[in-house]
Amino acid sequence: MDHRINPKFSQLLKNPVHFLAFGFGSGLAPKGPGTAGTVVALVLWPLLAALPLYTYIGVVVAVSLLGFYLCGKTARDMGVHDHPGIVWDEIAGYWLTMTALPASWSWALAGFVLFRLFDIWKPWPISWLDRQVHGGVGIMVDDLLAGLFAWAILFSASQWMI
């Protein structure tokens, strides 16, 4: 088995870039690594939700920009364009989904379901971007757009409920 393509947790710990790109190890899940990465984002989200909105947005922007590097470097090092274990993009996409939404578990779970739906389904233009854009930006952009689609639905719904 090529450990560069299928790393072990102990190997991820040796490289902080890979450790972060693999969502603190969650990307090693044998089934559904993207879902596992989103679960990490869900669990950490209450800490972010407590921040002022501008700070929250700053964190999402910083995590996304960092993700371009983390995901691109890890993909290059592994020799695989978008290894399923690279889940930093799911973390950033989920946190984008949850921007300015009510801080409750019902909203968090709705965000989880909608984000995963758009990330897996990849409707146009997400599917087009997924095929056309490469490197770290390509790995990140489809998840950020999936997050934006999920956010638009949830934010609209939250405005109707006021």
Side-chain angles (χ1 to χ4, degrees), residues 9 12 16-72 74-75 82-133 136-162:
F9 188 74
L12 289 181
V17 170
H18 296 178
F19 181 69
L20 291 173
F22 268 69
F24 312 103
S26 63
L28 293 174
K31 298 218 185 230
T35 300
T38 309
V39 167
V40 167
L42 172 73
V43 169
L44 294 174
W45 175 72
L47 300 172
L48 293 175
L51 298 172
L53 180 58
Y54 290 113
T55 306
Y56 183 100
I57 291 170
V59 169
V60 170
V61 168
V63 163
S64 298
L65 293 174
L66 180 62
F68 296 148
Y69 169 75
L70 295 174
C71 296
T74 301
D82 191 358
H83 188 286
I86 297 174
V87 297
W88 188 264
D89 48 335
E90 272 80 13
I91 293 170
Y94 177 75
W95 289 348
L96 176 59
T97 296
M98 298 307 297
T99 302
L101 292 176
S104 73
W105 284 109
S106 58
W107 285 99
L109 292 174
F112 181 90
V113 169
L114 272 181
F115 171 71
R116 291 304 300 147
L117 176 71
F118 283 116
D119 188 31
I120 293 166
W121 177 35
K122 295 191 188 317
W124 188 91
I126 298 170
S127 57
W128 183 84
L129 287 167
D130 189 46
R131 288 189 310 273
Q132 300 298 319
V133 184
V137 173
I139 293 169
M140 291 289 298
V141 74
D142 64 308
D143 290 79
L144 292 174
L145 195 53
L148 190 60
F149 278 30
W151 172 82
I153 291 168
L154 291 173
F155 187 77
S156 296
S158 75
Q159 298 308 294
W160 283 43
M161 298 179 133
I162 294 176

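Every heavy atom of this structure was used, including side-chain atoms; hydrogens, water molecules and symmetry mates were not.
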Engineer: Enumerate the salt bridge (Lys or Arg N to Asp or Glu O under 4.0 Å) contacts for residues 143-158, please, sequence neighbours excluded, ordered by first and then second residue.
Structural biologist: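 Found none.
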Engineer: Kindly compute the distance separating CD (Gln132) from CG (Asp142), expressed to the nearest 0.5 Å.
Structural biologist: 12.5 Å
Engineer: Please name all residues satisfying ring-ring contact (aromatic ring centres under 6.0 Å, His included) with Phe155, sequence neighbours left out, ordered by chain then number.
Structural biologist: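 Testing Phe155 for ring-ring contact (aromatic ring centres under 6.0 Å, His included), a comparison that skips the adjacent residues, returns Trp151.
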Engineer: I'd like to know if the side chain of Thr74 and the backbone of Leu70 have a donor-acceptor N/O pair within less than 3.5 Å.
Structural biologist: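 The answer is yes, because a donor-acceptor pair under 3.5 Å joins these two groups.
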Engineer: Heavy atoms, side chains only, cut-off 4.5 Å: are Trp128 and Lys122 in contact?
Structural biologist: no
Engineer: With a 4.5 Å limit on heavy-atom distance, are the side chains of Trp105 and Leu42 in contact?
Structural biologist: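 Yes. Closest side-chain heavy atoms under 4.5 Å.
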Engineer: Shortest non-hydrogen contact from Cys71 to Ile86?
Structural biologist: SG-CG2, 3.6 Å
Engineer: At what distance, to the nearest 0.5 angstrom, does CG of Leu109 lie from CG of Leu114?
Structural biologist: 11.5 Å
Engineer: For Phe24, what residues pass the ring-ring contact (aromatic ring centres under 6.0 Å, His included) criterion, not counting sequence neighbours?
Structural biologist: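 Partners of Phe24 by the ring-ring contact (aromatic ring centres under 6.0 Å, His included) criterion, ordered by chain and then number, come out as Phe19.
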Engineer: Donor-acceptor check, side chain of Trp107 to backbone of Ser158, threshold 3.5 angstrom: yes or no?
Structural biologist: no
Engineer: As a quick check of understanding, evaluate side chain to side chain contact (heavy atoms under 4.5 Å, CB included) for Val17 and Tyr69, giving each step before the final call.
Structural biologist: CA-CA 9 Å; Val17 170; Tyr69 169 75; 4.0 Å; yes
Engineer: For the CZ atom of Arg131 and the CD1 atom of Ile126, what is their distance to the nearest 0.5 Å?
Structural biologist: 12.0 Å
Engineer: Counting only N and O atoms by type, is there a donor-acceptor contact under 3.5 Å from the side chain of Tyr94 to the main-chain atoms of Ala108?
Structural biologist: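 Flag set: sc Tyr94 to bb Ala108 pair under 3.5 Å.
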Engineer: Enumerate the salt bridge (Lys or Arg N to Asp or Glu O under 4.0 Å) contacts for residues 17-41, please, sequence neighbours excluded, ordered by first and then second residue.
Structural biologist: none
Engineer: Check whether any side-chain heavy atom of Ser26 sits under 4.5 Å from a side-chain heavy atom of Val39, and report yes or no.
Structural biologist: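 Ser26 vs Val39: side chains apart.
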Engineer: Report yes if some heavy atom in the side chain of Thr35 is under 4.5 Å from a heavy atom in the side chain of Phe112; otherwise report no.
Structural biologist: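 A side-chain contact exists here, since the closest heavy-atom pair is under 4.5 Å.
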Engineer: Go through the structure and list residues passing ring-ring contact (aromatic ring centres under 6.0 Å, His included) with Trp95, not counting sequence neighbours.
Structural biologist: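 Once residues adjacent in sequence are excluded, Trp95 has no partner under the ring-ring contact (aromatic ring centres under 6.0 Å, His included) criterion.
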Engineer: For Phe149, which residues count as a ring-ring contact (aromatic ring centres under 6.0 Å, His included) partner, sequence neighbours excluded?
Structural biologist: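 For Phe149, the residues satisfying ring-ring contact (aromatic ring centres under 6.0 Å, His included) (neighbours in sequence not counted) are Phe118.
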Engineer: Quick one, Thr38 and Ile91 - any side-chain contact, counting heavy atoms below 4.5 Å?
Structural biologist: no
Engineer: Is there a side-chain contact between Pro33 and Leu28 in this structure, where contact means two heavy atoms from C-beta onward sitting under 4.5 Å apart?
Structural biologist: no
Engineer: Is any side-chain heavy atom of Val59 less than 4.5 Å from a side-chain heavy atom of Leu51?
Structural biologist: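 In short, these two side chains touch, coming nearer than 4.5 Å.
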Engineer: Do Leu148 and Leu96 have side chains that approach each other closer than 4.5 Å (heavy atoms only, starting at C-beta)?
Structural biologist: yes
Engineer: What is the distance from atom CD of Gln159 to atom CG of Leu154, rounded to the nearest 0.5 Å?
Structural biologist: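 Gln159 CD to Leu154 CG: 11.5 Å, rounded to 0.5 Å.
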Engineer: For Phe22 and His83, take the angle between the two ring planes, folded into 0 to 90°, and tell me which bin it lands in: parallel under 30, tilted 30 to 60, perpendicular over 60.
Structural biologist: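 Phe22 and His83: tilted rings.
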